[in-house]
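Have a look at the structure below, then the notes.
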Amino acid sequence: MREVLHFPELQKAVVHAGKGGLSRKVRWVHVMDTEDVGLFLEGGEFLLTCGQVWPQNKQAEERLLNSFLRNQISGILFATGRYLTGCPAAALEFGEKNSIPIIEVPYNVPFVKITEHIHLEIIDRNYKKMERSARVPIELKDKLQSSPSYSSICEILADYLNCPVAITDTANQIFVKASPNGGERVNFQKCINTFIQNSHSHQQMNNVKTLYLTNNTPPYTMNVPIKIEGKERGTLWLICPEQELKEEFAYSLNFAADILSDIVINNQDLEARSRQLRLELLELLLENPETASIVIEEKIQELRIEQQQNHWLAGLILVGVNKLTSPLSIGMESIRDECKKWIDETEGLNGFCEIYKEQLVLFISSNLDKAPIKQAVNHLQNNLRNTTAQTAPVVVLGETKQHVLSFKESYHEAKALAPLVLHQSHSGGTYFSDQLKREMFLYGGLSPKKAMEFRTIILPKELLTEHGTTLYETLKCLALNNYNRDKVTKELHIHLNTLRYRIKRIEQLFDESLTSPRCQFWIQVALDLESLATEYKESDQKNELEGDIA
């Protein structure tokens, strides 16, 4: 779908929803001419409509969209301006929820040109693949076509061609390699680097991708680019220490590169469908867990999450201060990828990380005890701090539950904890609801408005003005550092005498010494309420602005 947007007729296209599904494969294009179009779909269709036959009542619209979901279409394009003024709201919600791209173009964009270009491209690619594969030995072709991974393809090629095989990334660094059984071991990276430095020519072969060949001196080297969505994503190498390269090797190498590209595209397509399953599972668990238990078990099985686990828990990842309602405006994909990598690499953990209702939600199942789980989550937070360019993320988790149907309780615990900890640490942090039960009990039921009122009672009003910002930040730093003056002077980069002056001013405003346990307690309460109170303040300012505009 991402490639489709590059066609000339779609230069004015706007993707309004379902961008997570732009990696879906397009098998064919179909123009909608009936509300029963779902009966004629086979999967992978890119649907085009001007809206003339789009259902006018909600029930019919829901039936139509459900038929699209059953058949796993690739996307929907709406040509607006005559029958529709914009993409239907139900379609936008459907696309975003299920990672199916919803695209809008002006009414005058010709469907016939879109259909022609996409179909010609599909046919042309399939023809070239067939043409290239015609000269590949049947035995090798069958093995490669049934191969599920990069590593197995390298192993098959190495054994069949009796030469070492490697795959490099765009920086020419090896990430997969294989040698024939009993064959001579070679220094892959050295051979590749030498070839890149010395090679100035290339040979173009009919019906074959561009192959770069070395001079007729050992080690003999041949490579072919691995292209996905028109971009080079890596290179497949054949390295023969002594054996001269044969022309037929080129066809085998090119066919293998086609298979490698297909594996990546298929994985992207599967990921889009898997994301849809994850969102459906979260919706069932958080909206209707008791009555949907059978469906929940089915979806957990589809996602290959082990059900025989002792612990299930929910978490939220918050990025940036006061981003509680939309914490992932920046760096969303990189954070999600880092969480996936963390889950895959942590033994004893299962689950996923997904965006649900504008929040990044962790769904974790584990057979580990609580202490190792907490240790693993702390490791995730450290990884996020190192990989996120913006404000370090805050990770909050609910308590572990003994059954997946109790995941909803863990989620609500994490959600209640989130506004209480956003201001706790400027460098991010990990917070567990079972360790902060007292704070949740005290503040969990407070509305933002009540939190603002409570905080105003505790803190002198001078500290809450712009003029008192310096004193307020000093007070926060004192509380965060347990009133250790040496630490505060270093953190704020100020002289000790300056700090003494500020403390004196703060104590005058409180009319009480900061060494008083009672005073320190109420200061901590006010700081704990900062996130909730700030949320109310921002909402209040927004309402005032809207009122002024009105």
Side-chain angles (χ1 to χ4, degrees), residues 3 25 120-170 172 174-181 183-184 186 188 191-192 195-196 198-267:
E3 287 180 282
K25 290 171 64 177
L120 284 176
E121 183 67 23
I122 291 171
I123 293 168
D124 183 57
R125 291 187 187 188
N126 287 337
Y127 176 75
K128 286 179 178 177
K129 281 184 181 179
M130 291 173 61
E131 198 173 26
R132 285 197 292 266
S133 69
R135 297 184 63 175
V136 179
I138 293 176
E139 181 185 358
L140 176 60
K141 186 192 303 184
D142 290 343
K143 287 183 177 180
L144 290 173
Q145 285 178 327
S146 60
S147 177
S149 67
Y150 274 31
S151 57
S152 61
I153 283 179
C154 284
E155 291 167 3
I156 291 166
L157 277 176
D159 287 338
Y160 194 90
L161 301 178
N162 197 32
C163 289
V165 175
I167 299 174
T168 57
D169 58 21
T170 53
N172 293 312
I174 293 173
F175 65 92
V176 178
K177 60 184 179 180
S179 297
N181 291 329
E184 182 182 348
V186 300
F188 285 90
C191 291
I192 290 169
F195 168 69
I196 292 170
N198 298 335
S199 180
H200 299 289
S201 61
H202 66 268
Q203 177 178 333
Q204 181 79 28
M205 304 185 69
N206 292 332
N207 303 319
V208 181
K209 297 175 181 178
T210 302
L211 294 169
Y212 301 91
L213 307 179
T214 63
N215 296 327
N216 294 323
T217 55
Y220 303 99
T221 308
M222 176 185 290
N223 72 24
V224 61
I226 302 169
K227 292 187 176 180
I228 301 166
E229 296 179 357
K231 296 181 180 179
E232 193 168 322
R233 301 293 182 89
T235 307
L236 177 62
W237 297 81
L238 187 66
I239 302 168
C240 298
E242 300 296 337
Q243 176 187 356
E244 287 194 33
L245 296 169
K246 301 175 183 178
E247 184 178 354
E248 53 263 34
F249 285 5
Y251 293 96
S252 297
L253 207 63
N254 271 274
F255 183 73
D258 286 336
I259 299 295
L260 288 168
S261 299
D262 287 342
I263 287 174
V264 174
I265 294 169
N266 285 332
N267 285 342

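- Interatomic distance, Cys154 SG to Leu260 CG, rounded to the nearest 0.5 Å: 7.0 Å.
- Interatomic distance, CG of Leu236 versus CZ of Phe255, reported as 12.5 Å (0.5 Å rounding).
- Across all their heavy atoms, Ser147 and Ile263 have their closest contact at O-CD1, 4.0 Å.
- Rounded to the nearest 0.5 Å, atoms CG (Asn254) and CD1 (Ile226) are 11.0 Å apart.
- Nearest heavy atoms, Ala158 versus Pro180: O-CB, 3.4 Å.
- Within 6.0 Å of CZ in Phe175 there are more than 12 heavy atoms belonging to other residues, nucleotides or ligands.
- Here the CD1-OG distance, from Ile138 to Ser133, works out to 10.0 Å after rounding to the nearest 0.5 Å.
- Once rounded to the nearest 0.5 Å, the distance linking CG of Asp262 with CD of Gln145 reads 9.5 Å.
- For the pair Phe249 and Met222, the tightest heavy-atom approach, listed with the atom from each and the gap, is C-SD, 4.2 Å.
- Applying the salt bridge (Lys or Arg N to Asp or Glu O under 4.0 Å) test to residues at least two apart or on different chains, the pairs with a partner in residues 137-149 are Glu139-Lys143.
- Between Leu157 and Ala256, the shortest heavy-atom contact is CD1-CB, 3.5 Å.
- The shortest non-hydrogen separation linking Ser252 to Leu144 is O-CD1, 4.5 Å.
- Closest non-hydrogen pair, Ser179 versus Asp159, comes out as O-OD1, 4.2 Å.
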Show which side-chain atoms of residues 163-170 pair as donor or acceptor with protein atoms under 3.5 Å away, not counting sequence neighbours.
residue	atom	partner	partner atom	Å
Thr168	OG1	Trp237	NE1	2.9
Asp169	OD1	Ala171	N	2.9
Asp169	OD1	Asn172	N	3.1
Asp169	OD1	Gln173	N	2.8

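- Summarising the geometry, atom CG belonging to Leu238 is positioned 10.0 Å from atom CG belonging to Asn162; distances are rounded to the nearest 0.5 Å.
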